[in-house]
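Structure record follows, encoded as structure tokens.
Model, not experiment: these values are computed from the prediction. Order of listing sets the numbers, starting from 1, for every ligand and every atom in it.
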Amino acid sequence: MHPENIVLLGFMGTGKSAVGRMLAKRLGSDWHFIEMDKRIEELAGLSISEIFPQEGESHFRDLETQVCRELIGEHHAIVSTGGGVVTRPENVEILGSFAHLILLTATPEVIFERIIKDGKEKRPLLAKPDPMGEIEKLLAVREELYRAATGDYVDTTIKSPSEVAEEILALLRENGDVTC
Ligand code: S3P
């Protein structure tokens, strides 16, 4: 285990960003929050919803891997990943080399609700006529990748971000990663 950093994995809409921010706040000023998608946007000079149609998914995935590599050497970082980071085994290997990986899950129905509320145009992979069908299709492919990446997970379906953050803290305490 690598208590010096925490990486949150999970499908779109499982609460990685909200929970990550909450965790950073709870852990105190010694810790900081990193949003991988934001790093990718900075690198590309484009928003996520521009990168997919203009540059294609495989270019996005290359940038994602580059950002994974650039995170090596972080200290006390809480990283929120994009939901597709697990689609490249190399990414999981890199992230696992410097952080404790924690998976967030939720039912497809709740994922759908959260994404619609957030605006599905922000998620180019779901900006399609049948977003629920897309969620189910992507989850079917990714489920085993998420599970293979880490055994530590929290289901967020009926929990608020602060409840999930508390659950993660309990898990980290149990593991001896943090003392607060
Ligand atoms: C993606 C998830 C998104 C973003 C991009 C691709 C995916 O991040 O990286 O749209 O492949 O699941 P969030 O999980 O933060 O929405």
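Close contacts between ligand 1 and Lys16 involve ligand atoms 13 (P), 14 (O), 15 (O) [criterion: under 4.0 Å to a heavy atom]. Shown in contact with Pro124 at under 4.0 Å from a heavy atom are these atoms of ligand 1, numbered in order with element: 10 (O). Close approach of ligand 1 to Ile48 (heavy-atom distance below 4.0 Å) involves ligand atoms 5 (C), 10 (O). Near Gly82, meaning under 4.0 Å from any of its heavy atoms, are these atoms of ligand 1: 8 (O), 9 (O), 14 (O). For ligand 1 and Asp37, the ligand atoms under 4.0 Å from any heavy atom of the residue are 3 (C), 4 (C), 8 (O), 9 (O), 13 (P), 15 (O). Against a heavy-atom cut-off of under 4.0 Å, Phe60 is close to the following atoms of ligand 1: 5 (C), 9 (O).
When non-hydrogen atoms are compared, ligand 1 lies under 4.0 Å from the side chain of Leu125 (C-beta onward) but not from its backbone. For Lys122, no heavy-atom contact with ligand 1 is shorter than 4.0 Å. Using a 4.0 Å cut-off between heavy atoms, Glu35 makes no contact with ligand 1 at all.
Geometrically, Arg123 does not engage Phe52 in a cation-pi contact, judged by NZ or CZ lying under 6.0 Å from the ring centre and within 45° of the ring axis.
For ligand 1, the polar-atom distance check against Ser17 finds no nitrogen or oxygen pair separated by under 3.5 Å. Taking distance alone, with nitrogen or oxygen atoms compared against 3.5 Å, Arg142 approaches ligand 1 more closely than that limit. For ligand 1, the polar-atom distance check against Gly84 finds a nitrogen or oxygen pair separated by under 3.5 Å.
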Check the pair Arg69 / Glu90 against salt bridge (charged side-chain N to carboxylate O under 4.0 Å, His left out), numbers first and verdict last. CA-CA 10 Å; Arg69 286 202 196 100; Glu90 182 190 354; 2.5 Å; yes

message = Set out, in order, the CA-CA distance, both residues' side-chain angles and the distance that settles salt bridge (charged side-chain N to carboxylate O under 4.0 Å, His left out) for Glu134 and Lys137, then state yes or no.
response = CA-CA 5 Å; Glu134 292 300 322; Lys137 221 161 40 185; 3.5 Å; yes

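Closest protein heavy atom to atom 16 (O) of ligand 1: Arg123 NE, 2.8 Å. The nearest heavy-atom contact from the protein to atom 6 (C) of ligand 1 is Phe52 CZ, 3.8 Å.
Looking only at atom types and distance, the side chain of Asp152 has no donor-acceptor partner in the side chain of Thr150 under 3.5 Å away. Judged purely by distance below 3.5 Å, without hydrogens or angles, the side chains of Gln54 and His59 never pair a donor atom with an acceptor atom.
Between the choices Met12, Arg61, Arg114, Glu57, the shortest heavy-atom distance to atom 11 (O) of ligand 1 belongs to Arg61.
The hydrophobic clustering, which links ILVMFWY residues whose side-chain heavy atoms are closer than 4.5 Å, places Val110 and Val164 apart.
Expressed to the nearest 0.5 Å, how far SG of Cys68 lies from CD1 of Ile40 amounts to 7.5 Å.
Between Thr156 and the choices Glu167, Glu163, Arg114, Lys16, the side-chain hydrogen bond (donor to acceptor under 3.5 Å, both in side chains) rule is met once, by Arg114.
Closest approach of Thr14 and Phe11 over heavy atoms only: OG1-O, 2.7 Å.
Put simply, the side chain of His76 never gets that close to the backbone of His32: no donor and acceptor are under 3.5 Å apart.
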